[in-house]
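This report refers to the structure that appears directly beneath it.
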Amino acid sequence: MCSSDLKYLEQHLPPLSSGARVLDAGCGTRLLTLSLLKAVKRPVRITAVDLSASSIVTAKKAVAEKFGDIRRIAFTQANVLSLPFADDSFEMIVTSGALEYVPLQDGLSELARVLAPGGYMLHLPVRPSPVSKLLEVMFRFKAHPPQAVAENTHRYFRIVKHYRFPPLDPIGWSKTAILAQKV
């Protein structure tokens, strides 16, 4: 688990009511999911989706090892461009590293569709940098230019805060955090 994710979430997570529905869109192997479980102080219903079945298996194992039971999270294999949920299904969405694999506008549009009005989206985009260039080659994705991220986010959300991680923090080498609200 990345301590930067956890620290950020503990300090900047918007208020969530008990029973709130939270989507981890593109959960990967679990890093943000575990941070979210630790940071949220109220009982919420977390759904974690990823396109990769093997990533979901790894994430389930990690949650079971860390928390002893995976019933706290519903895991589903799904494409972030075509989520198997009704409109307005979630009060919060977190995503990190998923929108770099899809056309940005299409991904944000689909996330906006499943987010309830007034709900929050926390997006940790990979920002273009020497580190992200290496990651692009290794993982075959594309870091979207910050201007494109801002413009496309504004199409569907109101940006509440754009946070830059400290430069010496490992996550600060490649990511920022954008907290946005669906209006």
Side-chain angles (χ1 to χ4, degrees), residues 2 4-5 8-9 12-14 21-33 35-36 46-53 55-56 59 76-165 167 169-183:
C2 180
S4 300
D5 288 349
Y8 174 83
L9 288 172
H12 301 281
L13 198 65
R21 299 160 300 167
V22 179
L23 175 65
D24 183 352
C27 66
T29 58
R30 84 349 198 129
L31 294 177
L32 190 55
T33 309
S35 294
L36 189 61
I46 299 174
T47 301
V49 301
D50 200 275
L51 186 59
S52 166
S55 289
I56 291 173
T76 303
Q77 185 177 5
N79 186 328
V80 74
L81 294 177
S82 181
L83 293 166
F85 308 111
D87 295 357
D88 307 330
S89 292
F90 298 95
E91 283 77 41
M92 181 162 188
I93 295 174
V94 295
T95 186
S96 178
L99 296 178
E100 285 77 9
Y101 289 97
V102 300
L104 185 59
Q105 182 176 348
D106 296 344
L108 287 169
S109 172
E110 182 64 356
L111 294 178
R113 181 187 70 77
V114 300
L115 186 63
Y120 290 92
M121 177 189 71
L122 175 62
H123 178 208
L124 285 95
V126 174
R127 62 182 176 83
S129 69
V131 171
S132 71
K133 292 294 180 199
L134 175 62
L135 295 173
E136 286 178 2
V137 171
M138 291 172 56
F139 298 108
R140 292 189 235 148
F141 73 84
K142 178 70 176 139
H144 300 291
Q147 184 64 27
V149 172
E151 288 172 4
N152 282 287
T153 301
H154 278 294
R155 289 180 187 202
Y156 307 100
F157 306 96
R158 176 181 64 83
I159 294 178
V160 175
K161 185 170 189 172
H162 191 169
Y163 180 82
R164 289 285 306 253
F165 292 96
D169 198 327
I171 196 171
W173 299 346
S174 61
K175 293 189 177 184
T176 63
I178 298 171
L179 181 62
Q181 187 174 31
K182 183 175 173 183
V183 288

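Sorted by first and then second residue, the pairs that involve residues 91-121 and meet ring pair (Phe, Tyr, Trp, His ring centres under 6.0 Å), not counting sequence neighbours, are Y101-F141. The side chain to side chain donor-acceptor pair (under 3.5 Å) pairs that include a residue from residues 121-132 number zero, where partners must be two or more places apart or lie in different chains.
Of all heavy-atom pairs between R158 and V183, the closest is CB-CG1, 4.0 Å. Counting all heavy atoms, side chain and backbone alike, G107 lies closest to L81 at N-CD2, 3.6 Å. For the pair Q181 and G118, the tightest heavy-atom approach, listed with the atom from each and the gap, is NE2-O, 2.9 Å.
S55 meets the side chain to side chain contact (heavy atoms under 4.5 Å, CB included) test with T29, D50, S52; sequence neighbours excluded. Judged as a side chain to side chain contact (heavy atoms under 4.5 Å, CB included), and not counting sequence neighbours, the contacts of A148 are L104, P145, N152. With sequence neighbours excluded, the residues that form a side chain to side chain contact (heavy atoms under 4.5 Å, CB included) with A112 are Y156, F157. Remark: A59 pairs with R30, F75 by the side chain to side chain contact (heavy atoms under 4.5 Å, CB included) rule, at least two apart or across chains.
Within the 4.5 Å cutoff, the side chain of R113 has heavy atoms near those of the L83 side chain. In this structure, P125 and T176 have side chains that are in contact, with non-hydrogen atoms separated by less than 4.5 Å. Contact annotation: the side chain of E136 never approaches that of V126 to less than 4.5 Å [non-hydrogen atoms, C-beta and beyond]. With a 4.5 Å cut-off on side-chain heavy atoms, V149 and L99 do not count as touching. Residues V80 and L111 are in side-chain contact: their nearest non-hydrogen atoms beyond the backbone lie under 4.5 Å apart. Contact annotation: the side chain of L9 approaches that of L122 to within less than 4.5 Å [non-hydrogen atoms, C-beta and beyond].
Atom CG of D24 and atom CG of L36 lie 7.0 Å apart (nearest 0.5 Å). Separation of atoms CD1 (I159) and OG1 (T153) is listed at 5.0 Å; rounding is to 0.5 Å. Going from atom CZ of F85 over to atom CD of E110 covers 10.0 Å, rounded to the nearest 0.5 Å. Here the CD1-NE2 distance, from I178 to H162, works out to 4.5 Å after rounding to the nearest 0.5 Å. The CE atom of M92 lies 10.5 Å from the CG atom of L23; values are rounded to the nearest 0.5 Å. Within the model, atoms CG of L179 and CE of M121 stand 8.5 Å from one another, a figure rounded to the nearest 0.5 Å.
Proximity of a side-chain donor or acceptor of S82 to a complementary backbone N or O of N79 within less than 3.5 Å is not detected. In terms of modelled atom types and a separation under 3.5 Å, the side chain of E91 and the main chain of R21 share a donor-acceptor contact.
Taking the six-membered ring where tryptophan is involved, the planes of Y8 and Y163 are tilted, since the angle between them lies from 30° to 60°.
Environment of CZ in R140: sparse, with no more than 12 heavy atoms of neighbouring residues, nucleotides or ligands closer than 6.0 Å.
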